Number of protein chains: 2
Amino acid sequence: MNCPVAQTLEQIGDWWTLLIIRDALNGVKTFTEFQERTGIAKNILTERLGTLVENGIMVREKTRPEVNRYHYRLTAKGEALLPILIAIIQWGDQWVYGGEGPLRIVDAKSKETIRPLTIQAADGRPLSRAELRFHPGSAATTTA
Amino acid sequence: MNCPVAQTLEQIGDWWTLLIIRDALNGVKTFTEFQERTGIAKNILTERLGTLVENGIMVREKTRPEVNRYHYRLTAKGEALLPILIAIIQWGDQWVYGGEGPLRIVDAKSKETIRPLTIQAADGRPLSRAELRFHPGSAATTTA
DNA sequence: CAGTATCCTCGCAGATACTG
DNA sequence: CAGTATCTGCGAGGATACTG
C-alpha cells in the first residue's frame with residue numbers, strides 16, 4: 001500500500017513494538033530490561049528488536065568491547081517517533097482515563113505538563129479538523 | 001496494563017482499525033466503501049466497526065429512517081485521533097518516503113502544507129526531546 | 001546476561017455462501 | 001446494499017529448555 005499510514009504501521013504498527021519504543025524513550029536499554037518491563041516472550045523480543053534495528057529505528061551496541069553486553073538505543077529516526085507517542089499518550093489520557101491518567105509528560109525545567117499537540121498552518125496559526133485537507137484527491141488518501 | 005499507550009493501543013492498535021480511521025477522516029462513510037478501500041474481508045470489517053462503535057470512536061446511523069443504509073461517523077473521541085494520524089503521516093512521509101510521500105496534509109484555505117507537529121511547554125515554547133520528562137518515575141512510564 | 005532453538009496452540013484473517 | 005454465518009489454515013505469539 002502506497003500510503004504513509006500503512007508504511008508507518010508496517011514499521012511500528014505492532015503492539016509490542018510500540019511498547020518497546022515507549023520504554024526506550026524512557027531510558028530502557030538492555031534486552032533483559034525490555035523483557036521484564038513489557039513481559040514479552042524472549043523469542044518475540046529478539047525478533048522485534050531485530051526488526052527495529054533492520055529498519056534503522058534502533059541500534060545495537062556493545063557496552064564494552066570485550067563483554068557480551070549490549071545496549072539498544074534509538075536512532076534519529078527512532079527519536080522522531082516521539083510525537084506519535086505523545087499523541088497516543090495524550091489521547092489515552094483524555095479519552096480513556098478522562099484526564100486523570102497515570103502518566104504525565106512534563107517540561108523538565110518548569111515541571112509543568114506539556115500542551116496537547118496542535119496542528120498548525122505554515123504561518124503557525126492553529127488549524128481545526130475542518131480546515132484541513134488531504135491531498136491529492138479529497139477522499140483519496142489511500143492505497144494505490 | 002495501566003499505561004495510556006497500552007490502553008490506546010487496545011482501542012486502535014490494530015492494523016485495520018487505524019486504516020479504517022484514516023479513511024473515515026477522509027470522508028468515507030459506508031460499509032461497502034470501507035471494504036473496497038481497505039480491501040479487508042467483510043466479516044473482519046464488521047467486527048472492527050463493531051468494536052469502534054462499542055468503544056465510542058464511531059457511531060452507526062441510518063441514512064434515512066425507513067431504509068437499511070447506514071453511515072459510520074467519527075465521534076468527538078474519534079476525531080480526537082487526528083493528531084495521532086497526522087503524526088504517523090508526517091513520520092512516514094519523512095522517514096519512509098524521504099519527504100516525497102504521496103500524501104500531503106494542507107491548510108484548506110492557503111493550500112500550504114501544514115507544519116510538523118511540535119511539542120510545546122505550557123507557555124507555548126517548543127520543547128526538544130531532552131527537555132521532556134515522563135512522570136511519575138523517570139523510567140517508570142509503564143505497567144503497574 | 002543475552003540471547004537461540006523448538007514445540008505447541010489458538011485465534012485471527014481470509015474465503016465463501018447466504019439473508020433481509 | 002449491508003451485513004451474518006461457517007469453515008478452515010497458518011502463523012504469530014507464548015512457554016520452556018538450552019547456550020556462549
Side-chain angles (χ1 to χ4, degrees), chain A residues 1 3 5-6 9-24 27-55 57-74 139 142-143, chain B residues 1 5-6 9-24 27-55 57-74 139 142-144:
Chain A
M1 263 195 212
C3 161
V5 177
L9 291 179
E10 198 91 38
Q11 297 198 18
I12 61 153
D14 174 81
W15 168 275
W16 290 124
T17 300
L18 254 212
L19 295 186
I20 290 168
I21 290 164
R22 171 200 66 181
D23 287 340
V28 172
K29 292 186 174 66
T30 67
F31 184 91
T32 305
E33 206 181 350
F34 280 115
Q35 207 242 315
E36 285 166 352
R37 292 187 140 266
T38 56
I40 189 177
K42 292 211 249 178
N43 48 352
I44 309 296
L45 179 57
T46 300
E47 195 221 281
R48 291 296 186 282
L49 286 172
T51 306
L52 285 168
V53 170
E54 270 177 45
N55 288 339
I57 291 172
M58 302 190 86
V59 283
R60 181 181 189 255
E61 299 165 330
K62 283 211 176 201
T63 53
R64 294 203 320 267
E66 73 285 12
V67 190
N68 275 7
R69 300 209 60 211
Y70 300 96
H71 277 1
Y72 291 88
R73 191 174 46 77
L74 290 166
T142 11
T143 318
Chain B
M1 260 194 213
V5 178
L9 292 179
E10 198 91 37
Q11 298 197 18
I12 60 153
D14 174 82
W15 169 274
W16 289 124
T17 300
L18 254 212
L19 295 186
I20 290 168
I21 291 165
R22 172 200 66 181
D23 287 340
V28 172
K29 292 186 174 64
T30 68
F31 185 91
T32 304
E33 206 180 351
F34 281 114
Q35 208 242 314
E36 284 166 353
R37 292 187 139 265
T38 56
I40 189 175
K42 292 211 249 176
N43 48 353
I44 308 296
L45 179 57
T46 300
E47 195 221 281
R48 291 296 187 280
L49 286 172
T51 306
L52 285 167
V53 170
E54 270 179 44
N55 287 339
I57 291 172
M58 302 189 88
V59 282
R60 180 181 190 253
E61 298 164 330
K62 283 211 175 199
T63 54
R64 295 204 320 267
E66 71 285 11
V67 189
N68 274 6
R69 299 209 60 211
Y70 299 97
H71 278 359
Y72 291 88
R73 191 174 47 76
L74 290 165
T142 14
T143 317

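This is a predicted model, so every value here is computed, not measured. The analysis underlying the following values was restricted to heavy atoms, covering all of them including side chains, and did not include hydrogens, waters or symmetry mates. Below, chain A is the first sequence line, B the second, and so on; all start at residue 1.
- Between Lys42(B) atom NZ and dT4(D) atom P there is a gap of 11 Å when expressed in whole angstrom units.
- Distance Arg69(B) CZ to dG20(C) C1': 15 Å, rounded to the nearest Å.
- Put simply, Arg60(B) has a side-chain N or O that comes within less than 4.0 Å of OP1 or OP2 on dG3(D).
- Using a 4.5 Å heavy-atom threshold, the side chains of Leu19(B) and Leu9(A) count as touching.
- In this structure, Ile44(A) and Glu36(B) both approach DNA chain D, and ranking their closest nucleotides by distance from the 5' end singles out Glu36(B).
- Note that CG of Asp23(A) is 11.5 Å distant from CD of Glu36(A), once rounded to the nearest 0.5 Å.
- Residue Thr46(B) places no side-chain N or O under 4.0 Å from the OP1 or OP2 atom of dG3(D).
- Look at CZ on Phe31(B): it is 11 Å from P on dC1(D), rounded to the nearest Å.
- Distance CD1 (Ile40(A)) to P (dA12(D)): 14 Å, rounded to an integer number of Å.
- At whole-Å resolution of the value, CD in Glu47(A) and P in dG11(D) are 13 Å apart.
- Note: Asn43(B) CG to Arg48(B) CZ = 10.0 Å, rounded to the nearest 0.5 Å.
- In this model, the phosphate group of dA13(C) is approached by a side-chain N or O of Arg48(B) to a distance below 4.0 Å at OP1 or OP2.
- For the pair Leu49(B) CG and dA2(D) P, the computed distance is 11 Å after rounding to whole Å.
- Contact annotation: side chain of Asn43(B) to base of dG14(C), donor-acceptor pair present below 3.5 Å.
- Straight-line distance from the CG atom of Leu45(B) to the P atom of dA15(C): 14 Å, rounded to whole Å.
- Within 4.0 Å of Tyr72(B), counting heavy atoms only, lie sugar-phosphate atoms of the nucleic acid but no base atom.
- One atom, CD1 of Ile20(B), and another, P of dA13(C), lie 10 Å apart when rounded to the nearest Å.
- Taking a pair to require two hydrogen-bonding distances under 3.5 Å in either a Watson-Crick or a G-U wobble arrangement, dG14(C) pairs with dC7(D).
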(request) Walk me through it: do Lys62(A) and Tyr70(A) pass the test side-chain contact (heavy atoms from CB on, under 4.5 Å)? (result) CA-CA 4 Å; Lys62(A) 283 211 176 201; Tyr70(A) 300 96; 3.5 Å; yes

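- The side chain of Trp15(A) places no N or O atom within less than 4.0 Å of a non-bridging phosphate oxygen (OP1 or OP2) of dC12(C).
- We find the CG-CE distance between Leu49(A) and Met58(A) to be 6.5 Å, quoted to the nearest 0.5 Å.
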